[in-house]
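Worksheet for the structure shown next.
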Amino acid sequence: MKITGVLSLLPAFVAAVPNVTVIPLGSKDCSSYPGLIRTPAADITGYLRFEVTNSDDPAIDGLLATTKIQRWPTFQNLSATVTTLVMDVRKSTRLAKPVFRCFNGALEIVGDGDPKITVSKDWRGAQMMLGDYQGGPGYKLEPYAHEIDGVRQEGVFVGANGKTTWGFGWERPSQEDCVNGNSGLDWYSARLQGLEYDPSVESRAWGPVEFEGFIKVFQY
């Protein structure tokens, strides 16, 4: 008599990142972002937030971006740090999280001098960071639309160089994290996937990831 395992009788369900056509929306001004404040006095939006969407692990959909201070040593300074954007493991919008906006065509965090958000080019692997690192600019974070089979999808998604798929990896805090201005909670790193080789840096932008998905901008 043939015995069929219980697991084989269960329906298989594997979420997958949808195959989308990426459409640049233009980043010369803020008109492509939600929350545009229509005034001749400034090119600016209201407050924005970033959230994970359409990932191949639905459990992380809805996670919001927050800041994380990381030690990124250089040859000149082994203690150098940079503030990156990571995805908070707590979905609650009531907890303190940073807000962003578009100003003069560029996304920035609100407060602390309003630094621009860029995508790192170096071997640390295409993470969103605040400002430049080692004196050199990162890729500009830009707005995109998605289409599936010719149907425009709702929302505005962020990426760079025509890429909008992000890889997410769970990371634990170290002892250093707990005393370096961070919360001491774990987080998901976010790395933009598929960026081409940049000859101005030593290696291709990449990084180990567990899940893939998109990052959507919404008005807060």
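Keep in mind that this is a model prediction, so the values were computed, not measured. Residue numbers run from 1 in the order of the sequence given.
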Side-chain heavy atoms of [X] within contact of [Y], under 4.5 Å:
X    : Y    : value
V22  : F157 : no
Q153 : I148 : yes
V20  : E147 : no
V209 : Q193 : yes
W187 : K68  : yes
V17  : F214 : yes
L63  : Y188 : yes

Out of curiosity, does [Y] fall in the hydrophobic cluster containing [X] (side-chain heavy atoms, cut-off under 4.5 Å, transitive links)?
X    : Y    : result
F218 : V110 : no
V156 : L107 : yes
V99  : V52  : no
Y47  : I109 : no
L64  : I60  : no

| task | Could you walk me through whether R101 and E108 pass the side chain to side chain contact (heavy atoms under 4.5 Å, CB included) test, one step at a time? | result | CA-CA 6 Å; R101 70 184 175 192; E108 62 184 23; 2.7 Å; yes
| task | Go through the side-chain N and O atoms of H146 and T164 and say whether any donor and acceptor fall under 3.5 Å apart. | result | yes
| query | Can you find a side-chain donor-acceptor pair between Q127 and S120 that sits under 3.5 Å? | reply |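 No - no donor-acceptor pair under 3.5 Å links their side chains.
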| Think R49 forms a cation-pi with Y220, using NZ or CZ under 6.0 Å from the six-ring centre and within 45 degrees of its axis? |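 Output yes; distance and angle both within limits.
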| task | Show your reasoning for whether side-chain hydrogen bond (donor to acceptor under 3.5 Å, both in side chains) applies to D61 and S55. | result | CA-CA 6 Å; D61 283 356; S55 73; 2.7 Å; yes
Side-chain donor-acceptor pairs of residues 26-39 under 3.5 Å, sequence neighbours excluded:
| residue | atom | partner | partner atom | Å |
| --- | --- | --- | --- | --- |
| D29 | OD1 | S31 | N | 3.0 |
| D29 | OD1 | S31 | OG | 2.6 |
| S32 | OG | L25 | O | 2.9 |
| T39 | OG1 | A41 | N | 3.1 |

